[in-house]
Protein chains: 4
Amino acid sequence: MNASTDITASPSQSRKSDRTRQTILDAAAKLFREQGYRATTLRQIAGRAKIKAGSIYYYFDSKDQILDEVLELGIRVIHEAVEKAVADLPEKTSGRMRIETAVATHLHTVLQYNDYASANIQNIRHVSLAARNRNKDLRRAYAEYWHDLFDVAKRAGEIGKNVDLSIARLFLLGALNSTIDWYDPKQGSTKRLAENFCNMFFEGSEP
Amino acid sequence: MNASTDITASPSQSRKSDRTRQTILDAAAKLFREQGYRATTLRQIAGRAKIKAGSIYYYFDSKDQILDEVLELGIRVIHEAVEKAVADLPEKTSGRMRIETAVATHLHTVLQYNDYASANIQNIRHVSLAARNRNKDLRRAYAEYWHDLFDVAKRAGEIGKNVDLSIARLFLLGALNSTIDWYDPKQGSTKRLAENFCNMFFEGSEP
Amino acid sequence: MNASTDITASPSQSRKSDRTRQTILDAAAKLFREQGYRATTLRQIAGRAKIKAGSIYYYFDSKDQILDEVLELGIRVIHEAVEKAVADLPEKTSGRMRIETAVATHLHTVLQYNDYASANIQNIRHVSLAARNRNKDLRRAYAEYWHDLFDVAKRAGEIGKNVDLSIARLFLLGALNSTIDWYDPKQGSTKRLAENFCNMFFEGSEP
Amino acid sequence: MNASTDITASPSQSRKSDRTRQTILDAAAKLFREQGYRATTLRQIAGRAKIKAGSIYYYFDSKDQILDEVLELGIRVIHEAVEKAVADLPEKTSGRMRIETAVATHLHTVLQYNDYASANIQNIRHVSLAARNRNKDLRRAYAEYWHDLFDVAKRAGEIGKNVDLSIARLFLLGALNSTIDWYDPKQGSTKRLAENFCNMFFEGSEP
DNA sequence: AATGAATGAGCGTTCATTCAT
DNA sequence: TATGAATGAACGCTCATTCAT
C-alpha cells in the first residue's frame, strides 16, 4: 500500500498519488527534524511538497497521523538498514565486528541519510503519549535486535560476563543518538566516528 | 520534591519581586521539561506561578526570554553542581575518581533534582537558532570543564594516550544525557547507574 | 423505509442518468432532514448515493441547487398527495370532511412517508433568501389550495362567517407542521392525531 | 429594533465585562435567528459586537457554548414574560382569560421583542444532542406551566372534559411558534393575532 | 458518466502579546 | 505590581468546487 517502506522514497514506478503522499512525508520528516513537530505547520509542509495545505487532508487524516508515519518510518529505516548490513556480513563474522557494523550503519543512517531517522530521535520525546505508544513496539523490536547482537558477543566471550547488557545497550545507543546534536561531517566520516565509538565501547578509555 | 530552588534561588530572602520572577522560572522549567517549549503556554506557566499571564511581562520580555533563562540556568545548575562536587574531593583524588564523581553528579542533577537541567537537555534541540546561540558559551564552558577533567586523567596516565578526548567526552555525555529518555528510579539509583557507566567508559565491555 | 421515491421518482424506469440524479436527491433529502442543510456535506450525500462527490456536479450545478430541488419536491410531494386524496373523495363529500382528509394526508406525508416533505419544513427557515424566494410560488399555490378548501367549507356554512380564513389556515398548518418536532409514532397514529387536530380546529376546546 | 436587552441584559450598573458578554450574546442571538447556527460565523458575531473574533474566547469556551446560552435565554425569556403577565392578572381571572394572556405574551415576546426567543425556536432542531439535552429541562418546565394553565381551565369547566390537554397544548403552541415564519406587523398587532388564535382555539371554526 | 486529485476560501480556535487601569 | 480585557496572526482543519482524465 504505502510504498515508502521500501526504505523511503520509491522510484518513479509508483502512481502519482503515492508519490504525492511520499512527498508530503518527506517534507514533513525534514521539517520535523529541523524544527520539531509543534513548530512545523501544515502550510510549511505543503509548501515544501509544492501543494496547498488543504490537499494534505486528501492523504492524511491529521497532522498527528503524519507524525505517526514519520516516526514509524524513522525507526524502520534505521532498523532495516542495520539489520541488512549485519546480515550481509560473512557468517562467521565475530560478534564485535557485527556490533561495529551495526554502529556504523546506525550512525550513517541517522547522520547522513535520513530525515525520518533524525526526526524520530528528535521528536519522540515531545510527542503525545498516544503517538509514543503506537511507536513503542517498533522501538522495542529494535532494542531487542541490539540485545541479541550483544548477547551473541557475550556468549562468544567478546563481552565481559558481568556486563549488564541492557545498560550497555542504552549506554551505546544513547551515545550514538546524541551525535545528531554535534556531528559535523567536516570533522570526519561517520565510519571513522563509528570506529572510535566502538573502540571506546569495547576497550574503554583506560590505557 | 522539586528542589530546583535549592540551587537557583537567590541565597538571601530577596525582595518579593525577585521571588516572583523565580517562581515563574521554576514553573516554566517544570512545564518545559514535561511538555516541551512549544506545547507550554504562558497561561500554564502563569497558572503554576499563581499569577496571571499578563503579569509575566512585568518580569520577562517574551516567552522566548523565559526559555533563554531556563536554558541558561539548566547548564549552570549542572555545571555548578558538578564543579562543586569535584572541588569538594580531597586534593589528591585520582583523575578517574574525579570523573566518576562528575558523572554521578551530572546524572543525579539531571535525573533527580532539577527541572532546569532536564528542560535544558530536552528542549535545546527544538529551540530557535538564536536561543541556541545565546546558550553556546555556557555549553562550551561546561564542555571545557569536562575536557580539563579528562585531560588531567590522561596526563596522569589514567586514560589511554591515543584516546581522542573530544570524542570521548561527547560519547560519555551523550550517553549520560540520553538517560532522561529511559531512566527509571525503580530500577536502581543514579549512583549505581553512574558506577555502571563509568566502568563501561573506563574499562570497556571486553572481558 | 424511505418511500420518497414512491411519489417523486419518474413513473417509467427512466434512463440510468435520471435514476442517479434521483438517488442523489433522495440522499440529500434524507440528510437535510436529519442534519439540516449546512451540516450536510456533499461527501455525505455522495456516500449515501454510492457515488463520489465530484460526480454530483455532473447532475447539479451546486449544493444550493440540490437544496432548491429538494425544497421544491418537498412542497410538491405534500401538495400532490393532499390534492389527490381530496380529489379521490366522493363528489358530495362535505367541506369539513375534505379538510379532515387534507389534514390527515398532510400529516401522514410529512411524518410518515417523506424525507422531502420533512426536509422542506425543517430547512426552509434557515435557507438563503434566494432559495426561499425560488420556492415561493409553490408555497403560495399550496396555500391557495388550502384557502379554497376553507372557502368551500365556509360557503357551505361549515365554517363561521366571521372566521378569517387566512389566519385560520396559517393557524392550522402551523400546528400541523410543528408536529415534526414532537410526533412520536409510539403515541398514536397520524390518523388519530389528524382527527384530534380537526376536532380541535372545528369545534374548539370549549365544552 | 433589537429590544432583547429589555429583558435579558442587566442595566448599566454592571461591569464592562458583563456588558461585553451580553453584547456577544445579543449579536449571536440575532444572527442565529436570521441565519441559523451553522451559517453564523464567530467573525460575524464579533463584527456585530464590535470586537474581534478571538476576544469571544475570553467570554465563552466555544461557539457551542454561546448557542447553549442563547437557547437557554430563549426559553427563559418567554417563560418569564408569560408567567409574569399571567401572575399580574387579578386573582379571580378566568382560566380562559389567563390562557389568552399567555398566548398574547408568548406571541408578543417571540415576534416583537426577542431574538433569543426566535433563535431558540428556530435552532433547537439543528443543534447537537448535548445542547438539546441541556435545554430539555427548561422546555419541559415551560410545557408544564402551560399544562397547568390548561388544567385549571379544564377543572373550571372552560375546556371540554374530553379534550386531551397535551395535544391541545402542542396544537396551540405549534400554531403560535409558526407565526415566526409569516407574521407581518403591517397586517395587524400581535395582540389582535392573539385574540384571533384564542377564539379559534376555544370556540373552533364552526359557526 | 464518473472520478481522483487538488484547491482556496474560510472556519473555529489558540496564544503570545499589549496596555489602560 | 499586577491584571482584566482585548487583539491579531496564525493554526489545524473542512468543504464546495474544479478539472483533467
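Below, chain A is the first sequence line, B the second, and so on; all start at residue 1.
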Which atom names give the shortest non-hydrogen contact between C:Leu67 and C:Val127, and what distance separates them?
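Heavy atoms of C:Leu67 and C:Val127 come nearest at CD2-CG2, 3.0 Å.
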From B:Arg76 atom CZ to B:Asn135 atom CG, the distance as rounded to the nearest 0.5 Å
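Result: 10.5 Å between the selected atoms.
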Rounding to a whole Å, what distance do you find between [X]:[atom1] and [N]:[atom2]?
X: C:Tyr59; N: F:dT17; atom1: OH; atom2: P; answer: 18 Å
X: C:Leu67; N: F:dC15; atom1: CG; atom2: P; answer: 17 Å
X: D:Lys16; N: E:dC19; atom1: NZ; atom2: P; answer: 15 Å
X: A:Phe60; N: F:dT14; atom1: CZ; atom2: P; answer: 15 Å
X: C:Asp64; N: F:dT17; atom1: CG; atom2: P; answer: 8 Å
X: A:Leu31; N: F:dG12; atom1: CG; atom2: P; answer: 12 Å
X: C:Ile56; N: E:dA2; atom1: CD1; atom2: C1'; answer: 12 Å
X: B:Arg19; N: F:dT1; atom1: CZ; atom2: C1'; answer: 14 Å

Below 4.0 Å: OP1/OP2 of [N] and any side-chain N or O of [X]:
X: D:Ser17; N: F:dG4; value: no
X: B:Tyr57; N: E:dT17; value: yes
X: C:Tyr58; N: E:dA2; value: no

Using a 4.5 Å cut-off on heavy atoms from C-beta on, say whether the side chain of C:Ile75 contacts that of C:Tyr116.
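C:Tyr116 does not reach C:Ile75 side chain to side chain.
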Counting N and O atoms only, with roles assigned by atom type, does the side chain of D:Tyr37 sit under 3.5 Å from a partner on the main chain of D:Asp64, one being a donor and the other an acceptor?
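Checking the backbone N and O of D:Asp64 against the side chain of D:Tyr37, a donor-acceptor pair under 3.5 Å is found.
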Please check: side-chain N/O of A:Lys30 versus main-chain N/O of A:Ile45, any donor-acceptor pairing under 3.5 Å?
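Not confirmed, A:Lys30 side chain does not pair with A:Ile45 backbone.
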Distance-only polar pair, side chains of C:Asp18 and C:Gln22, donor-acceptor under 3.5 Å
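Their side chains do not contain a donor-acceptor pair, so the 3.5 Å distance test is not met.
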Across all strands shown, which nucleotide pairs with [N] by Watson-Crick or G-U wobble geometry, both distances under 3.5 Å?
N: E:dA1; result: none
N: E:dG12; result: F:dC11
N: E:dT18; result: F:dA5

Please step through side-chain contact (heavy atoms from CB on, under 4.5 Å) for the pair B:Arg139 and B:Ile124, ending with a clear verdict.
CA-CA 11 Å; B:Arg139 301 180 89 81; B:Ile124 195 66; 3.6 Å; yes
Can you list, by residue number, the residues of residues 37-53 of chain A that have a non-hydrogen atom closer than 4.0 angstrom to DNA chain E?
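Per residue number, the list reads A:Arg43, A:Ile51, A:Lys52.
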Given DNA chain F, 5'-ward residue of the pair A:Ser62 and C:Gly54, judged by closest heavy atom
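The residue closer to the strand's 5' end, by nearest nucleotide, is A:Ser62.
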